[in-house]
K.L.:
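The structure follows.
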Amino acid sequence: MTHSLRIISWNINSLRLRLPLLERLTHEARPDIICLQETKVEDALFPLDAVRALGYEHCVFRGQKSYHGVAIASRIPLSNVEIWDVVGDASARHISAALDNGIHVHNLYVPAGGDIPDPALNPKFAEKLRCVQEMTRRAATMTQQPSILVGDFNIAPLEHDVWSHKQLSDVVSHTPIEIEHCHAWREAGAWRDVARHFVPHTEKLYSWWSYRARDWKASNRGRRLDHIWVSPHLYDACIAYESFPHMRDWEQPSDHIPIMLTFSL
DNA sequence: ATGGTCGATATTCGA
């Protein structure tokens, strides 16, 4: 009898503000490992006691004041913690750790990229592409070991990862150059896009809805920006994929919902 | 074509 583990990825958009939502999520989904992005808290102020009190004794994190920030909270021990400078400006966008079964967990927050999808005109878009290229460069090495790569990639790579493929083709997150970079990145590591392994490509699937919509559910103009990828070692270990769209209706929600992989050991 | 709303922080910036 093998046993299974659950891993969640969530852009929480301020960990300190949304600790109560994190608690509700843990009670509902009982994840073993939680990867958070946009914690928006510097390391000295990380609410370690509160996260441990939820049952996640093993926490690693890299934050900065106001922006970005990533964390891995786990019920099982973590080792071999690494923090990569994926953009070249030391912003807190990556952290990884190994589980005691040898699986490496990488948690990544790709730059959003600003509004203009041209690297020559927009330094933020250039930075986004550089980040994806850096992860592409590392992909083959990463997937030599059993690895799970999760996070907010800020790219919706497939036609039905956005509410309108046509209308978003010139909107940062779904432009042809980002999609091309994203596919090259995935293929460089033979990463499997877990959500699309379980949900047909013809079906709309989102993980983010803008705060700016009057009624996010009625307009339903979502995008799938958050991802869970696994290396070939773990293809057969993937049991289920789930997301939590009802959490977008909770009080003071993040604009992203958590996504979860269940995998066997 | 524009603006719409958040969060952290400071009265703006990033998303």
Side-chain angles (χ1 to χ4, degrees), chain A residues 9-25 35-47 50-51 61-71 85-94 107-119 121-132 150-157 161-164 166-175 178 182 206-227 244-259:
Chain A
S9 176
W10 187 22
N11 180 324
I12 194 170
N13 188 16
S14 174
L15 170 58
R16 285 175 293 177
L17 184 69
R18 274 181 257 285
L19 272 168
L21 298 195
L22 182 65
E23 179 171 18
R24 281 178 75 179
L25 172 65
C35 297
L36 299 171
Q37 305 88 37
E38 282 209 272
T39 53
K40 294 188 174 179
V41 58
E42 56 194 302
D43 292 345
L45 299 177
F46 189 92
V51 175
F61 44 85
R62 174 62 138 211
Q64 62 185 83
K65 205 171 183 175
S66 300
Y67 307 119
H68 320 318
V70 285
D85 181 2
V86 288
V87 169
D89 68 349
S91 55
R93 296 182 177 279
H94 167 274
N107 182 16
L108 179 68
Y109 177 47
V110 175
D115 289 331
I116 303 164
D118 182 338
L121 298 176
N122 174 8
K124 289 181 191 169
F125 194 73
E127 175 188 68
K128 181 178 198 172
L129 297 184
R130 274 207 314 279
C131 177
V132 172
V150 311
D152 176 4
F153 297 177
N154 269 312
I155 300 174
D161 292 340
V162 293
W163 63 275
S164 168
K166 193 170 180 173
Q167 285 178 260
L168 291 190
S169 284
D170 59 355
V171 174
V172 170
S173 71
H174 194 63
T175 62
E178 290 168 273
C182 190
Y206 311 138
S207 67
W208 172 90
W209 292 262
S210 171
Y211 283 127
R212 296 177 189 179
R214 203 170 307 158
D215 182 335
W216 74 273
K217 199 185 280 180
S219 57
N220 197 23
R221 295 184 169 190
R223 306 177 200 170
R224 187 171 72 100
L225 304 178
D226 303 273
H227 300 274
F244 299 83
H246 62 287
M247 286 182 60
R248 189 63 181 74
D249 263 340
W250 285 2
E251 193 178 341
Q252 272 203 303
S254 170
D255 45 356
H256 295 254
I257 58 167
I259 59 176

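Letters A, B, ... mirror the listed sequences (proteins, then strands); counts begin at 1. Quick caveat: nothing in here was measured; it's all calculated off a predicted structure.
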K.L.:
Would you please test A:Leu25 and A:Trp10 for side chain to side chain contact (heavy atoms under 4.5 Å, CB included) and show each step?
P.N.:
CA-CA 10 Å; A:Leu25 172 65; A:Trp10 187 22; 3.8 Å; yes
K.L.:
Starting at CD of A:Glu127 and ending at C1' of B:dA15, how long is that distance when rounded to a whole Å?
P.N.:
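In whole Å, B:dA15 C1' and A:Glu127 CD are 13 Å from each other.
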K.L.:
Test A:Gln37 against every option in A:Asp152, A:Asn107, A:Asn13 by the side-chain hydrogen bond (donor to acceptor under 3.5 Å, both in side chains) rule and name the one that passes.
P.N.:
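Testing each of A:Asp152, A:Asn107, A:Asn13 against A:Gln37, the sole residue satisfying side-chain hydrogen bond (donor to acceptor under 3.5 Å, both in side chains) is A:Asn107.
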K.L.:
In this structure, how many angstroms lie between the P atom of B:dT5 and the CZ atom of A:Arg214, rounded?
P.N.:
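To the nearest whole Å, that distance equals 9 Å.
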K.L.:
Expressed as a whole number of Å, how far does the C1' atom of B:dG3 sit from that of B:dA15?
P.N.:
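Roughly 15 Å separates the two C1' atoms.
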K.L.:
Begin with the C-alpha distance, continue with both residues' side-chain angles, and end with the deciding distance and a verdict on side chain to side chain donor-acceptor pair (under 3.5 Å) for A:Ser210 and A:Arg212.
P.N.:
CA-CA 5 Å; A:Ser210 171; A:Arg212 296 177 189 179; 4.8 Å; no
K.L.:
How long is the line joining CZ of A:Phe125 and C1' of B:dA15, in whole Å?
P.N.:
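Taking CZ of A:Phe125 and C1' of B:dA15, I get 15 Å after rounding.
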K.L.:
Check whether NZ of the Lys or CZ of the Arg A:Arg248 lies under 6.0 Å from the centre of the six-membered ring of A:Trp209 and within 45 degrees of that ring's axis.
P.N.:
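Not flagged: A:Arg248 not positioned over aromatic ring of A:Trp209.
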K.L.:
Between B:dT2 atom P and A:Ile116 atom CD1, what is the distance in whole Å?
P.N.:
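Distance check: A:Ile116 CD1 to B:dT2 P gives 12 Å.
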K.L.:
Is there a residue in residues 218-227 of chain A whose heavy atoms reach under 4.0 Å of DNA chain B, and which residues are they?
P.N.:
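Nothing qualifies; none.
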K.L.:
Quick check: on DNA chain B, is the nucleotide nearest A:Pro111 upstream (toward 5') of the one nearest A:Tyr211, or the reverse? Name the residue that is more 5'.
P.N.:
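The residue whose closest nucleotide sits nearer the 5' end is A:Tyr211.
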K.L.:
For the pair made of CG in A:Asp115 and C1' in B:dG4, what is the distance, rounded to whole Å?
P.N.:
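Distance check: A:Asp115 CG to B:dG4 C1' gives 13 Å.
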K.L.:
Name the one of A:Val132, A:Asp161, A:Thr175 that satisfies side chain to side chain contact (heavy atoms under 4.5 Å, CB included) with A:Ile155?
P.N.:
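Passing option: A:Val132.
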K.L.:
Might you work through the side chain to side chain contact (heavy atoms under 4.5 Å, CB included) test for A:Leu15 and A:Phe46, ending with a clear yes or no?
P.N.:
CA-CA 8 Å; A:Leu15 170 58; A:Phe46 189 92; 3.5 Å; yes
K.L.:
Figure out the CH2/C1' separation between A:Trp216 and B:dG4, and round it to whole Å.
P.N.:
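It is 18 Å, rounded to the nearest whole Å.
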K.L.:
I'd like the C1' distance from B:dG4 over to B:dA10, given in whole Å.
P.N.:
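Going atom to atom, C1' in each nucleotide, I get 23 Å.
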K.L.:
Can A:Asn122 and A:Asp118 be said to form a side chain to side chain contact (heavy atoms under 4.5 Å, CB included), step by step?
P.N.:
CA-CA 6 Å; A:Asn122 174 8; A:Asp118 182 338; 5.6 Å; no
K.L.:
Within this structure, what is the CG-to-P distance between A:Asn11 and B:dG7, rounded to whole angstrom?
P.N.:
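My rounded result for the distance is 12 Å.
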K.L.:
Taking atom P in both B:dC6 and B:dT2, what distance in whole Å separates the two?
P.N.:
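23 Å, rounded to whole Å.
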K.L.:
Can you give me the closest heavy-atom contact between A:Pro157 and A:His227, atom names plus distance?
P.N.:
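It is CD-CE1, 3.6 Å.
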K.L.:
Strictly below 4.0 Å, N to O, side chains only: are A:Asp249 and A:Lys217 in salt-bridge contact?
P.N.:
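Counted as a salt bridge, because a side-chain N and a carboxylate O are separated by less than 4.0 Å.
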K.L.:
Return yes if a side-chain donor-acceptor contact under 3.5 Å exists between A:Ser219 and A:Arg221, otherwise no.
P.N.:
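Their side chains do not contain a donor-acceptor pair, so the 3.5 Å distance test is not met.
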K.L.:
Between A:Pro253 and A:Gly113, which is nearer to the 5' end of DNA chain B once each is assigned its nearest nucleotide?
P.N.:
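Per heavy-atom nearest nucleotide, the more 5' residue is A:Pro253.
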K.L.:
Quick test: give all pairs of protein nitrogen or oxygen and nucleotides 10-14 of chain B nitrogen or oxygen below 3.5 Å, distance rounded to 0.1 Å.
P.N.:
{"from": "B:dG14", "atom 1": "OP2", "to": "A:Lys124", "atom 2": "NZ", "distance (Å)": "3.4"}

K.L.:
Without decimals, in angstroms, what is the distance between A:Asp170 CG and B:dT2 P?
P.N.:
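One finds 13 Å between P of B:dT2 and CG of A:Asp170, rounded.
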K.L.:
Determine the interatomic distance between C1' on B:dG14 and the same-named atom on B:dT9; round to the nearest Å.
P.N.:
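Pairwise C1' distance, B:dG14 against B:dT9, rounds to 12 Å.
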K.L.:
Hey, mind stepping through A:Asn154 and A:Ser173 against side chain to side chain contact (heavy atoms under 4.5 Å, CB included) and telling me if it holds?
P.N.:
CA-CA 6 Å; A:Asn154 269 312; A:Ser173 71; 5.9 Å; no
K.L.:
State, to 0.1 Å, how close A:Val86 and A:His94 come at their nearest heavy-atom pair, and which atoms those are.
P.N.:
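What the structure gives for the nearest pair is CG1-CB, 4.1 Å.
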K.L.:
Contacts to DNA chain B from residues 15-22 of chain A, heavy-atom cutoff under 4.0 Å, which residues?
P.N.:
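Those residues whose heavy atoms fall under 4.0 Å from DNA chain B, taken from residues 15-22 of chain A in numerical order, are A:Leu17, A:Arg18.
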